[in-house]
Amino acid sequence: DTAVSQTPKYLVTQMGNDKSIKCEQNLGHDTMYWYKQDSKKFLKIMFSYNNKELIINETVPNRFSPKSPDKAHLNLHINSLELGDSAVYFCASSRGLAAYEQYFGPGTRLTVT
Amino acid sequence: GIQVEQSPPDLILQEGANSTLRCNFSDSVNNLQWFHQNPWGQLINLFYIPSGTKQNGRLSATTVATERYSLLYISSSQTTDSGVYFCAVGYSGAGSYQLTFGKGTKLSVIP
């Protein structure tokens, strides 16, 4: 059984479009995260939700909006896509915030043309 | 925020060799994990090790929290060990939360 899943795996779109990436975890965890991995493989946290409440919100353009309909899901919506948004986006979950082991999804490779 | 430095940035090994990867961090943490990102991009949990020593097959890890470093040992390396190894640290306390990844060590194991 997949613990943390993301859809889609690949996303190719044009500048200016709006797109969403979905994430689901079946581990019963309370905390979920979104990370961005750039072309140099650097992983940086974007957002964290704990029990559906936004806890960590790093310096990310407000074109990025996370939404957590329930504890098992954390979606990422991106408005007005730009070339610089091209990256791999990873979803992760953990039992609690920051001090607990994180489990990552397979990633979504976003390419903006 | 917490700074994380990994060394070396790149490592090339002959199959069968041993290696040690290092992760230094700048402040107190209550979470430290090692991950392997394989050539297909998957992030695989290796160890959750905020302190102490753990072993899993050919891999072992040690974290000395008081001295702010962690080591990942790979013995008898295999070509399937190739990829990028990340150290990630976290801090949770007094309403403050931080999660930081190091820049990784890229390991290439050649036959």
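On a predicted model such as this, the values are computed, not experimentally measured, just so you know. Just so you know, these numbers use all the heavy atoms, side chains as well, and skip hydrogens, waters and symmetry mates. So you know, we letter chains A, B, ... as the sequences are listed, proteins then strands, and number each from 1.
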Checklist outcome for this item: When the 4.5 angstrom heavy-atom criterion is applied to L97(A) and chain B, the contacting part is both
Next on the checklist: Which residues pass the ring-ring contact (aromatic ring centres under 6.0 Å, His included) test with F90(A), not counting sequence neighbours?
Outcome noted: none
Item to check | Atom pair OH/SG of Y69(B) and C23(B) - distance to nearest 0.5 Å | outcome: 12.0 Å
Are there any donor-acceptor pairs closer than 3.5 angstrom between chain B and chain A, and if so, which ones?
from   : atom 1 : to      : atom 2 : distance (Å)
N31(B) : ND2    : A98(A)  : O      : 2.6
N31(B) : ND2    : Y100(A) : O      : 3.1
Q33(B) : OE1    : Q102(A) : N      : 2.6
Q33(B) : NE2    : Q102(A) : O      : 3.3
Q37(B) : OE1    : Q37(A)  : NE2    : 2.8
Q37(B) : NE2    : Q37(A)  : OE1    : 3.0
N45(B) : ND2    : E101(A) : OE2    : 3.2
N45(B) : ND2    : Q102(A) : O      : 2.8
Y48(B) : OH     : A99(A)  : O      : 2.6

Next on the checklist: Keeping R68(B) on the side-chain end and F25(B) on the backbone end, is there a donor-acceptor pair under 3.5 Å?
Outcome noted: no
Checklist entry - When clusters are formed by joining ILVMFWY residues with side-chain heavy atoms under 4.5 Å apart, either directly or through shared neighbours, do F86(B) and V109(B) land in the same one? => result no
Would you give me the side-chain donor-acceptor pairs under 3.5 Å for residues 14-22 of chain B, sequence neighbours excluded?
from   : atom 1 : to      : atom 2 : distance (Å)
Q14(B) : NE2    : P111(B) : O      : 3.0
N18(B) : OD1    : S76(B)  : N      : 2.8
R22(B) : NE     : N24(B)  : OD1    : 2.8

Item to check | Cluster companions of I110(B) among Ile, Leu, Val, Met, Phe, Trp, Tyr (side-chain spacing under 4.5 Å) | outcome: I12(B)
